[in-house]
Structures are given as C-alpha cells and as structure tokens.
Amino acid sequence: MSQLSDLLNLNLSDTTDKVIAEYIWIGGSGMDLRSKARTLNGPVSDPSKLPKWNYDGSSTNQAPGEDSEVILYPQAIFKDPFRRGNNILVMCDAYTPAGEPIPTNKRHAAAKIFSHPEVLAEEPWYGIEQEYTLLQRDVKWPVGWPAGGYPGPQGPYYCGIGADKAFGRDIVDSHYKACLYAGINISGINGEVMPGQWEFQVGPAVGISAGDELWVARYILERITEIAGVVLSFDPKPIQGDWNGAGAHTNYSTKSMRHDGGYEIIKKAIEKLGLRHEEHIAAYGEGNERRLTGRHETADIKTFLWGVANRGASIRVGRDTEKAGKGYFEDRRPASNMDPYVVTSMIAETTIIWKP
Amino acid sequence: MSLLSDLLNLNLSDTTEKIIAEYIWIGGSGMDLRSKARTINGPVSDPAKLPKWNYDGSSTGQAPGKDSEVILYPQAIFKDPFRRGNNILVMCDAYTPAGEPIPTNKRFNAAKIFSQPEVAAEVPWYGIEQEYTLLQKNVRWPLGWPVGGYPGPQGPYYCGVGADKAMGRDIVDSHYKACLYAGINISGINGEVMPGQWEFQVGPAVGISAGDELWVARYILERITEIADVVLSFDPKPIQGDWNGAGAHTNYSTKSMRNDGGYEVIKKAIEKLGLRHKEHIAAYGEGNERRLTGRHETADINTFLWGVANRGASIRVGRDTEREGKGYFEDRRPASNMDPYVVTSMIAETTILWSP
C-alpha cells in the first residue's frame with residue numbers, strides 16, 4: 001500500500017507545469033459538499049483567471065435532466081493539502097447558464113450585502129466556532145462510544161486527553177495543519193463537552209471570506225474523515241438526552257465596535273438582533289429546536305437573551321469587551337449545520353443596514 | 001515491508017544507464033491488458049527506436065500453440081509512474097510474423113483512417129470520459145457496499161465527499177497523478193452517481209493518440225487497483241436495478257467544427273451519425289443493451305436522439321457550443337468497455353469520409 005502513497009505523494013512539479021484544481025461547490029441540500037478535479041496548464045493564484053466550469057445538476061437535485069448544466073464560478077483559491085505542490089482547491093458558487101444564481105446559491109446574495117457601501121465601510125469581522133461530531137461509519141453512533149451503549153456522562157471530555165476521553169484526535173489535528181497549509185485562517189481547536197465532538201474556529205475573516213473559509217474548512221474536514229473511515233456529522237443535536245448539541249457560534253465585530261465607544265454600538269446592534277430574533281432563528285440551521293432548549297449551554301429557541309459572560313444566553317459579550325468598552329460579541333444561536341454565507345451576511349444586514 | 005519499498009524505489013540512474021521498458025498490448029478478448037518488461041541499454045524517447053518484440057499468443061487466445069509467436073510493434077512511449085527514473089511504458093499493437101495485424105488489433109485500421117488526407121486535414125480531437133467501477137476482490141461486490149446488502153440510494157455520491165459517500169478515492173487520486181507523470185493528457189476526475197463508481201477524462205487528444213492514451217490510462221488504473229487489492233470493472237451495467245451504468249462518453253470535434261460556422265458542421269455530422277446508428281451501436285461495447293435503457297441518464301439503445309444539455313440523449317451538445325456557434329459534441333452511446341481505437345476512428349470515418 002505504500003506504493004499507493006508513493007503515487008499519491010508524487011511531486012508533479014518535477015515533471016510537468018500542469019496543476020490539478022479541485023472545484024468545490026454546495027449541492028442541492030444546502031449542506032452536501034461536492035467536488036471534482038480538472039487539469040490546468042500552469043499554476044493559478046487569482047480566481048478570476050480560472051475558467052468557469054459546469055456540472056450535472058440533475059445528479060445533485062439542482063437541475064432537471066433535460067437541461068442539466070449548472071455553471072461553476074470560481075470564487076476563492078486555497079492550496080490543496082492532499083495533493084500539495086502547486087495544486088489547488090477552488091471554492092465556487094453555482095449559476096444557471098443564463099447567469100442567474102441557482103436557488104441554493106446563498107453566496108451571491110451574501111456578496112451583495114457585503115459590497116453594500118455601509119457594510120464595506122464597517123469592515124465586518126467574523127470568528128466562527130464550528131462544532132461537529134464524529135460517527136462510526138456503519139452504525140452512525142459516535143466514535144469511541146460502545147455499540148449498543150453509552151460512555152460515562154459528560155464532564156471529563158471537554159479539552160480532555162487520554163484514550164478514554166478524547167476520540168478521534170488524529171482527525172482534528174491533521175485537519176488543523178491541513179487548513180493552515182491551505183491558507184485558511186484557522187485560529188484554534190478543542191475537544192468538546194460531548195465525547196466524540198470537537199470544535200475548530202475560523203477567523204477573524206472579513207466579510208464574504210468568512211463563508212468561503214468555513215466551507216473549505218468543512219470540505220477539508222470531510223475529506224479527512226473519509227480517509228479515516230469515519231462519518232462527519234453537523235447535526236445540531238446528534239444524541240438525545242443529557243448530551244450537548246453542536247453549534248456554530250458566530251463572533252462578530254464592526255469597525256465602530258472595535259473602536260472607542262464601541263460598547264454602545266454593540267448594545268445597539270444586539271437590540272436590533274433582538275427585534276429580528278425569529279427571522280434569524282429561521283435562517284440559523286435546520287433542527288435547531290432540538291438543540292436550543294435552554295439547557296446544555298444554550299438559550300431556549302423562543303427566547304432572546306443577552307449577557308456578559310453568559311453561556312446560557314442567545315448572545316454573549318465577553319468580559320474583555322465590557323471592560324475595554326469596545327470589542328466584539330458572540331451570537332450563540334447558529335446551529336452547526338448553518339450556512340455561513342447566510343448567517344454572516346444576515347448579522348451584517350440586521351446590525352448595519354436594517355432599521356426597525 | 002519497507003525493505004520491499006526500498007527496492008521498488010531504487011533509483012537505478014545512480015548505478016546504471018540501463019532502463020526498463022514495459023511493453024503493453026491488448027489480449028484476445030479485446031479488453032484484457034497484458035504486459036511484460038525488458039531491459040534496454042539506455043533511455044529511449046522515440047517508439048521507432050525501440051525493438052519489436054514478441055509474446056506467446058497461444059496463452060492469450062491470439063495464436064495457435066504450434067505457431068504461437070505474435071509480434072509487438074511499439075507505438076507510443078510514456079514515463080513509467082511505478083518504476084519512475086528513465087523507465088518507460090510502451091503501448092504496442094500485435095502482428096503475425098508475416099506482418100499482418102492480428103484480428104484483435106484494432107489500432108491498425110484506426111491508424112489507417114486517421115492518416116486519410118481528409119481526416120488528417122480536419123485534425124479530429126477527442127475527449128473520452130472513462131467510467132469504471134471498483135469491486136471488492138473476493139466477492140465482486142462494489143467497494144464500500146455492505147456485503148449481502150445495498151448502500152442508500154443514488155443521490156449523495158456524484159462528486160461526493162466523506163466516508164459514507166466516496167469509496168476508493170486513493171485509487172482515483174493516485175491514478176490522476178500517475179497519468180500526469182506518465183505524460184497522459186488526463187484532464188480531470190470525478191466521483192460518479194453510483195457509489196464505488198468513478199470517472200477520469202483523457203483529452204483533448206488528436207487522432208490515434210486518443211486510443212493510445214486511453215489504453216495506457218486503463219493499464220495504469222488496473223496496476224493501481226492491483227496495488228490496492230481491489231478489482232477494476234469496465235462492465236457497462238455492473239449492478240441491475242436503480243443503479244447507473246458505466247459509459248465512455250466520447251467528445252469530438254474537427255477543425256471545421258471548432259471554427260466559425262462550426263455549429264452547422266456539427267449538426268450535419270450528427271445527422272450522419274444518426275443514419276449509421278445501428279452500425280455504431282454494434283461497435284460501441286458488449287453488453288451495452290443492459291445500460292442504454294432510456295433511464296439513468298441514457299437514451300434507449302434503439303433510439304437516436306440528440307439535444308443541447310440533454311443528458312438523456314444519444315448525443316449531447318453543450319450550451320457553450322450552441323451559444324458560440326462552434327465547438328464540439330458528446331457521443332454518449334459508447335459503453336465503458338468500448339475500444340477507443342474503434343470508436344474514435346469510426347466517428348471520424350462516419351462524419352468525415354462517409355456519405356449517405
């Protein structure tokens with residue numbers, strides 16, 4: 001099998017200028033990632049210099065069979081941690097042949113919000129804490145859990161170490177290095193409260209790139225779990241009972257919030273978010289009602305509550321921010337299966353553009 | 001086992017000028033690849049400078065025991081991705097000692113068609129999309145499928161990512177790099193609709209080299225599945241029921257089609273192909289009637305239908321081509337087990353030489 005590794009690790013730069021580009025897009029469910037690869041004549045670092053491509057939308061529930069072509073527009077380039085060399089990953093979004101974004105293309109509308117002059121001027125920063133659960137492939141039960149049973153209750157697992165407390169660290173650590181290699185702004189990782197659950201953070205990222213980076217980080221993670229023979233789940237409440245759910249807490253700040261007097265801006269922004277709580281919740285991920293119960297470090301889904309250092313709140317402001325009078329805040333409502341294009345742009349839209 | 005790897009990876013250029021040439025040919029069934037190796041005194045890059053060789057045709061169903069020598073004529077050289085260094089793969093075709101092509105030698109006739117002045121002037125380009133299925137070695141059931149059962153229905157697998165959606169990516173990715181290393185014009189890869197099924201594309205290649213490159217790409221693929229202990233199948237309908245078949249869609253264009261006004265030339269060519277539908281189908285691969293049913297993105301075997309962006313047609317013209325008024329078209333009829341020498345030359349013959 002090491003012969004297979006030798007081939008997988010071939011450094012083609014020794015024999016050819018050709019480069020492999022893996023085009024990535026989001027499929028018909030809004031959460032299923034798809035990709036395919038093509039050969040380019042030489043290295044490319046600017047997405048606008050990459051050719052548009054197309055795929056069979058009838059196979060991903062995004063087009064009918066008699067008119068199946070969906071067009072891929074390259075939007076962001078990252079180094080390919082699997083093929084290495086000059087090979088690249090390309091995050092794309094999807095359009096009809098006539099140039100209209102297809103319904104599942106959430107990036108297009110997000111990009112419009114982020115290019116709005118008021119939003120641009122505020123330079124919105126995002127830090128997204130992506131939680132996820134690793135499942136054994138054939139039984140869909142979390143990694144490390146006994147088949148037909150449960151591990152000991154939550155307590156030892158958060159940031160834990162040891163064979164009885166941390167399950168799947170290889171996946172998490174290889175993902176960390178792979179993302180850094182790829183050029184994704186991954187800021188950290190930690191083991192989560194439920195055994196077999198982990199978290200990585202992406203950010204700070206500005207505007208639309210938060211979504212691009214998180215989606216590619218998710219892609220890299222699923223490629224790694226594929227190698228490890230383990231299934232990746234973004235379900236917000238994978239196991240019923242006294243087990244934590246999985247979220248995608250979204251940290252946010254604007255230029256005004258980061259400067260002196262920013263704390264007042266933060267409070268006004270949180271007020272506006274409170275007035276649009278239901279609209280946000282509807283866009284914050286399917287199945288979130290199973291997770292936002294008011295227990296397990298969440299606020300009830302119908303409640304809008306904010307507080308300093310309060311992990312049972314919808315929105316948490318850190319003590320640092322309160323003390324410095326400026327900084328950022330954390331929207332704890334988004335589920336692990338949220339679409340970052342939707343969530344990041346909606347937070348910007350509500351806090352910067354929208355008026356009650 | 002690393003001692004074996006050390007030996008396999010010896011770089012002989014350090015100690016000797018000698019190189020190893022692996023001669024490849026097609027056996028008696030028309031689909032079984034065979035090869036054997038010989039030592040050559042120094043590097044060779046021109047097939048005409050390689051010695052002819054011979055093999056025991058009585059062991060491949062290609063000659064009687066009393067007169068078993070079949071002569072191998074080297075036709076194309078590629079770098080050997082397994083032995084690397086200056087070692088080479090040599091695609092050959094087979095002749096009797098008297099110099100006649102043996103009946104299973106389809107290259108000879110194809111080369112004649114491609115050297116016809118009218119055909120040579122049109123510089124026919126081919127892009128072949130080779131689909132194939134990976135099978136578990138001892139049970140001949142697709143890779144990743146539960147033994148005695150079936151995976152979830154088609155939907156998540158096309159270009160899919162993840163341990164429950166993509167089976168055998170190591171084989172596909174090492175094949176991609178190995179072919180690029182070898183000098184094969186491999187233009188891309190993707191996961192296919194049926195789990196355990198994949199596709200690679202070779203092209204654009206001109207005339208006879210399309211066949212040479214596809215056969216050597218198939219050879220490299222089977223050598224890789226051998227390393228991975230998995231069986232390679234080119235059966236056009238490996239699993240009965242609601243599972244896609246495997247094809248070898250052949251994209252085609254001539255100089256006239258690629259130039260202004262090409263769309264009219266394309267339409268005339270498609271008309272001619274329609275008039276010879278039965279002859280083409282007969283040469284497009286054994287067992288194709290199990291695959292061309294009118295379902296699963298195929299047109300029924302008895303129907304000749306063409307359309308723009310229509311994946312249920314015999315021949316599909318891309319939207320780009322329609323819009324620009326020139327380009328290429330895709331013959332979706334060939335099965336995965338077709339002989340590219342036969343298919344490419346027959347398309348050229350019908351569209352360029354033949355008159356109704």
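Quick caveat, the model's predicted, so the values are computed rather than measured. Proteins come first, then strands; the chains are lettered A, B, ... in the order of their sequence lines, and each starts at number 1.
- Heavy atoms of A:Thr15 lying under 4.5 Å from chain B belong exclusively to its side chain.
- A distance of 11.5 Å separates CD1 in B:Ile184 from OG1 in A:Thr39, rounded to the nearest 0.5 Å.
- B:Asn244 does not touch chain A: none of its heavy atoms, backbone or side chain, sits under 4.5 Å away.
- Using a 4.5 Å heavy-atom cutoff, the side chains of B:Phe82 and A:Leu7 are in contact.
- For a residue to count as touching a neighbouring chain, one of its non-hydrogen atoms must lie under 4.5 Å from one of that chain's; by this rule A:Asp6 touches chain B with the side chain only.
- Ranked by heavy-atom pairs under 4.5 Å with chain A, the list B:Arg169, B:Glu199, B:His175 is led by B:Arg169.
- When the candidates B:Gly188, B:Ser5, B:Ala309, B:Pro81 are compared by the number of heavy-atom contacts under 4.5 Å with chain A, B:Ala309 comes out ahead.
- Looking at B:Val193, the atoms closer than 4.5 Å to chain A (heavy atoms on both sides) all sit in the side chain, from C-beta outward.
- Of the N and O atoms on the side chains of B:Tyr157 and A:Ser59, not one donor lies less than 3.5 Å from an acceptor on the other residue.
- Heavy-atom contacts from other residues, nucleotides or ligands closer than 6.0 Å to CD of B:Glu324 number more than 12.
- Environment of CH2 in B:Trp125: sparse, with no more than 12 heavy atoms of neighbouring residues, nucleotides or ligands closer than 6.0 Å.
- Annotation for A:Asn41: atom CG does not count as buried by contact number, only 12 or fewer foreign heavy atoms lying within 6.0 Å.
- The closest side-chain heavy-atom distance from B:Gln201 to A:Lys36 is not below 4.5 Å.
- Within a 6.0 Å sphere centred on CG of A:Asn61, heavy atoms belonging to other residues, nucleotides or ligands number 12 at most.
- In this structure, A:Leu135 and B:Asp164 have side chains that are not in contact, with every pair of non-hydrogen atoms separated by 4.5 Å or more.
- Between chain B and the residues A:Leu232, A:Asp32, A:Val231, A:Ile20, the most heavy-atom pairs under 4.5 angstrom are made by A:Ile20.
- Between the CD1 atom in A:Ile71 and the CG atom in B:Asp320 there is a gap of 6.5 Å [rounded to 0.5 Å].
- The contact between A:Arg137 and chain B is made entirely by side chain atoms (from C-beta outward), counting heavy-atom distances below 4.5 Å.
- Side-chain atoms of B:Lys177 come within 3.5 Å of backbone N or O of A:Arg83 as a donor-acceptor pair.
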Under the side-chain contact (heavy atoms from CB on, under 4.5 Å) rule, what do A:Leu10 and B:Leu180 come out as? Steps first, then yes or no, please. CA-CA 10 Å; A:Leu10 269 174; B:Leu180 281 174; over 6 Å; no

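- If you tally non-hydrogen atom pairs under 4.5 Å between each of B:Arg323, B:Arg319, B:Lys165, B:Lys79 and chain A, the highest count goes to B:Arg319.
- Proximity to chain B is limited to the side chain of A:Ser58, based on heavy atoms less than 4.5 angstrom apart.
- Rounded to the nearest 0.5 angstrom, A:Arg34 CZ and B:Asn190 CG are separated by 11.5 Å.
- The distance from atom CD of A:Gln3 to atom CD of B:Glu226, rounded to the nearest 0.5 Å, is 8.5 Å.
- Between the A:Glu226 side chain and the B:Ala163 main chain, no donor and acceptor come within less than 3.5 Å of each other.
- In this structure, CZ on A:Arg38 lies 14.0 Å from CD1 on B:Ile186, to the nearest 0.5 angstrom.
- If you measure heavy-atom distances from B:Ile189 to chain A, the contacts under 4.5 Å come from both the backbone and the side chain.
- Between B:Val161 and A:Ser35, some side-chain heavy-atom pair lies under the 4.5 Å cut-off.
- Using a distance-only test at 3.5 Å, with no hydrogens or angles considered, no donor-acceptor pair links the side chain of B:Tyr158 to the main chain of A:Gly57.
- For chain A, the option among B:Ser2, B:Pro156, B:Gly160 with the highest count of heavy-atom pairs below 4.5 Å is B:Pro156.
- The distance from atom OG1 of B:Thr225 to atom CG of A:Leu4, rounded to the nearest 0.5 Å, is 10.0 Å.
- Around OH of B:Tyr328, the count of heavy atoms belonging to other residues, nucleotides or ligands within 6.0 Å does not exceed 12.
- The pair B:Arg84-A:Asp14 does not count as a salt bridge, with every side-chain nitrogen at least 4.0 angstrom from each carboxylate oxygen.
- The side-chain heavy atoms of B:Glu297 and A:Asp56, taken from C-beta on, include a pair separated by under 4.5 Å.
- For A:Leu12, the part lying under 4.5 angstrom from a heavy atom of chain B is the side chain only.
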